[in-house]
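Within every chain, numbering begins at 1; the chains are lettered A, B, ... in the order of the sequence lines, protein sequences first and strands thereafter. All values derive from a computational prediction rather than experimental measurement.
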2 protein chains.
Amino acid sequence: MPDLSIKPAIIADTLAEEIIRGDLVQGARLAQDHIAARFQCSHVPVREALQRLVQMELATAIPRKGVRVFKLSDQDHDEILEMRLSLEPLALRRAVTRATSQDYANMEVFRHACDKADDAISWERANRLFHLAILQPCDRPRLLSQIEQLQRLSAIRFHTRWKTTWSRTSDADHSAILKAIKRADEKAACAILVRHLSRG
Amino acid sequence: MPDLSIKPAIIADTLAEEIIRGDLVQGARLAQDHIAARFQCSHVPVREALQRLVQMELATAIPRKGVRVFKLSDQDHDEILEMRLSLEPLALRRAVTRATSQDYANMEVFRHACDKADDAISWERANRLFHLAILQPCDRPRLLSQIEQLQRLSAIRFHTRWKTTWSRTSDADHSAILKAIKRADEKAACAILVRHLSRG
DNA sequence: ATCTACATTTTTATAGATAAAAGTGAAGCC
DNA sequence: GGCTTCACTTTTATCTATAAAAATGTAGAT
């Protein structure tokens, strides 16, 4: 969770969500003055916000030429998937052995939110939170935040591709993963997760 | 490679190296005015430089309280090693199948630099470049930069622990890895790398 | 009509000034 | 003596202004 007491954090947070959703089109220019006017501040905090977006890989900066919304190529997507397939099982194995009933409850919340979602945007958000929730108990902060970043990038792709054709479905994989986690079956949980992500 | 035409990049780059080497002690305060005076600029570019350090995980920021040099715990080290053991083989497998003779030559340069190094700092630098060089041909930019970050953090630990007791040695693992890469033996290359990293 | 050179405009990068929050320390009180 | 309060200092966060670089558009030449 970013700190929202500081302007750059607020601005970066807002823009990040818009980029993920596809409200800001890939390659679009992010001009300092324009954003400053929108958030009613000078462009100094905007510069810091843009830097945060660059660090999240949601934007690309070219010195003295400005920053643009990140363009996600097919090759980027392959790489991201590969990294997720490597890191998420790593986190999941640890999470399975450490999860408490409180953690289970938390996972269920987002599984439910996925199934109940009735538009692509809210489904994707819930999905992302679910996939993070099942890994949360792993107790590896930097592993989690790296995965979170990859999941955000995956979300961009989802929105650009299936935003319009999305339709509500109950996700069988999600419940299967949850069941495996609850019976502390790392092997099964990881296997299903890997299959689930590969289909993405 | 960071762009050095812009002040925040220059400042961040310099401070990063100092943090890695341990010149800046863990937990030490990074005050804007002080750094601004040192680099003869206002504190606006300093703020951006500090943000970059935070993004590299070389520093920790607390809003309205300032930023301090990152403190690396034993648990952090475990996590970093775990991630490296997961990501570096992933990169290495791809690198092995893609490496050209030009790449081999590049790897040799840094292997040599390691063996020739006669102080801990230059050895560590060469070592880091070697470990990156063997993965470079993988053609996965974000995987590489993530690994680079983890290697930087490993370097901090090296310097805090073995800076004083370091003595020159020829690294058998390094040449074994290179040989395996040159005969396109992914399995062996990964196995040696994993063992090599685990001994840390 | 197209290209080049130059002037104009726009945008980024940095400086300097100001506001606001946090830290510091001394005086007074229990 | 130790604790609290309040003024003072320091430091962070933000704004406004300026410098510098890039983009844009126009006029003139071929």
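A tilted orientation is assigned to the rings of A:W123 and A:W166, their planes being inclined by 30° to 60°. Note on ring orientation: taking the six-membered ring where Trp is involved, the planes of B:F130 and B:H174 are parallel (angle under 30°, cut-offs 30° and 60°).
Under the rule for a side-chain hydrogen bond (donor to acceptor under 3.5 Å, both in side chains), the partners of B:S122 that lie at least two apart in sequence or sit in another chain are B:D119. Not counting sequence neighbours, B:Q32 has no partner by the side-chain hydrogen bond (donor to acceptor under 3.5 Å, both in side chains) test.
The CG atom of A:D185 lies 13.0 Å from the NZ atom of A:K179; values are rounded to the nearest 0.5 Å.
Applying a 4.0 Å cut-off to non-hydrogen atoms, the residues of residues 33-41 of chain A that approach DNA chain D are A:C41, listed by residue number.
C:dG16 atom P lies 16 Å from atom CD of B:Q32, rounded to whole Å. Taking atom CZ on B:R47 and atom P on C:dA15, their separation rounds to 15 Å, with Å as the unit. One can place CD of B:E48 at 15 Å from C1' of D:dT12, the figure rounded to the nearest angstrom. Atom CD1 in B:I62 sits about 11 Å away from atom P in D:dA13, given to the nearest Å. Distance B:K7 NZ to C:dA13 P: 13 Å, rounded to the nearest Å.
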Output side-chain donor-acceptor pairs under 3.5 Å for residues 59-70 of chain A, partner residues at least two apart or in another chain, one line each.
residue : atom : partner : partner atom : Å
A:R68   : NH1  : A:G27   : O            : 2.8

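Both A:P8 and B:R29 sit near DNA chain D, but only B:R29 has its closest nucleotide nearer the 5' end.
By the neighbour-count criterion of 12 heavy atoms within 6.0 Å, atom CD of A:Q75 is sparsely surrounded, having that number or fewer from other residues, nucleotides or ligands.
A salt bridge (Lys or Arg N to Asp or Glu O under 4.0 Å) check over residues 108-117 of chain B, counting only residues at least two apart or in different chains, returns the pairs B:E108-B:R111, B:E108-B:K182, B:R111-B:D115.
The listed nucleotides are C:dA15, D:dT14, C:dT12; the one nearest the side chain of B:P45 is C:dA15.
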Protein-to-nucleotide contact annotation, 5' to 3' order, nucleotides 16-23 of chain D [B base; S sugar-phosphate only; - none; under 4.0 Å, heavy atom]: BB---SSS
